[in-house]
Amino acid sequence: MSYTDRFNIIRTEVPSNVKIVAVSKTKPASSVEELYRNTGHKMFGENKAQELNAKHGVLPMDIEWHFIGHLQTNKIKYIAPYVALIQSVDSFKLLAELNKEAIKCNRVIPCLLQFHIASEEAKFGFSFDEVRQMLEDKLYQQLLNVSITGVMGMATFTDNTRQISSEFKTLFTYFADIKSNYFPLKHDFREVSMGMTDDYKIAIAEGSTIIRVGSGIFGGR
Ligand SMILES: *Cc1c(COP(=O)(O)O)cnc(C)c1O
């Protein structure tokens with residue numbers, strides 16, 4: 001099956017209010033272009049700044065690039081001028097550096113806060129308490145060139161669907177709590193990015209608004 005066929009099947013299955021980020025990491029720019037030309041899909045995700053920059057340079061300018069990996073502060077400047085959404089903000093330091101680069105580009109960069117919801121140690125992300133402390137801190141409140149529009153998280157890599165479901169539930173509660181306590185009037189604080197190829201159906205059942213699908217569209221890596 002082609003990328004286009006696989007994408008179209010997923011697009012039909014998934015409710016229309018759920019956005020799909022086609023994760024093109026490790027795949028050539030020509031794969032992105034094929035999907036873009038055949039379907040008009042414009043939302044793509046990458047997890048390395050260098051790879052994103054290379055693809056951005058050769059692909060149509062109306063592609064909305066989402067950054068979904070751990071971002072090193074020294075790489076921010078390459079993607080800050082055009083990135084549509086940084087889904088993986090995992091520290092105050094990163095948010096502050098993003099703000100600096102956003103000022104230089106004279107733009108406001110939309111960001112999601114990445115939470116650590118999985119039982120594995122290695123994954124990046126905030127705890128709920130860390131986010132609460134950050135949002136209450138004056139240093140955060142001075143960052144006017146980043147806009148937090150929601151949350152992101154990755155479930156444990158397991159086939160225990162009850163565990164996955166419960167981790168996504170936790171992320172959704174974090175989202176609802178942060179929205180009512182810190183952003184009650186911010187209409188664009190509304191995204192819950194959860195769900196990948198193997199667990200997006202569970203994520204949608206738990207309230208996902210953005211799924212990030214790589215291998216389910218582009219095949220294995
Ligand atoms: C690679 C990646 C995905 C996509 O994973 P698949 O299992 O290929 O769908 C989603 N989110 C993040 C953060 C990733 O790094």
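Side chains are part of it too, since the values below use all heavy atoms of this structure and drop only hydrogens, waters and symmetry mates. Note that the numbering runs from 1 along the sequence shown for the chain. Read the numbers this way: they start at 1 and go in the same order the structure lists the ligands and their atoms.
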Can you tell me which residue and heavy atom of the protein come closest to atom 9 (O) of ligand 1, and the distance to 0.1 Å?
Thr197 OG1, 2.4 Å
Near Val213 (heavy-atom distance under 4.0 Å), the atoms of ligand 1 are 9 (O)
Could you check whether any side-chain heavy atom of Tyr82 comes within less than 4.5 Å of a side-chain heavy atom of His56, counting everything from C-beta outward?
yes
Would you call Ile211 and Val21 a side-chain contact if the rule is heavy atoms closer than 4.5 Å?
no
Under 4.0 Å from ligand 1, counting heavy atoms only, is it the side chain of Arg221, its backbone, both or neither?
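The part of Arg221 near ligand 1 is the side chain, not the backbone.
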Looking at Arg212, Lys25, Met196, the heavy atom closest to atom 14 (C) of ligand 1 belongs to Lys25
To which of Val21, Ile68, Asn47 does the heavy atom nearest atom 12 (C) of ligand 1 belong?
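The nearest heavy atom belongs to Ile68.
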Stepwise ring pair (Phe, Tyr, Trp, His ring centres under 6.0 Å) check, His116 with Phe126:
CA-CA 6 Å; His116 182 277; Phe126 285 107; over 10 Å; no
Is there any ring pair (Phe, Tyr, Trp, His ring centres under 6.0 Å) pair reaching into residues 87-106, and which pairs are they, with sequence neighbours excluded?
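Matches after skipping sequence neighbours: none remain.
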With Glu46, which of Lys75, Arg212, Lys55, Lys25 fulfils salt bridge (Lys or Arg N to Asp or Glu O under 4.0 Å)?
Lys55
Considering distance alone, does some N or O of Gly214 sit under 3.5 Å from an N or O of ligand 1?
yes
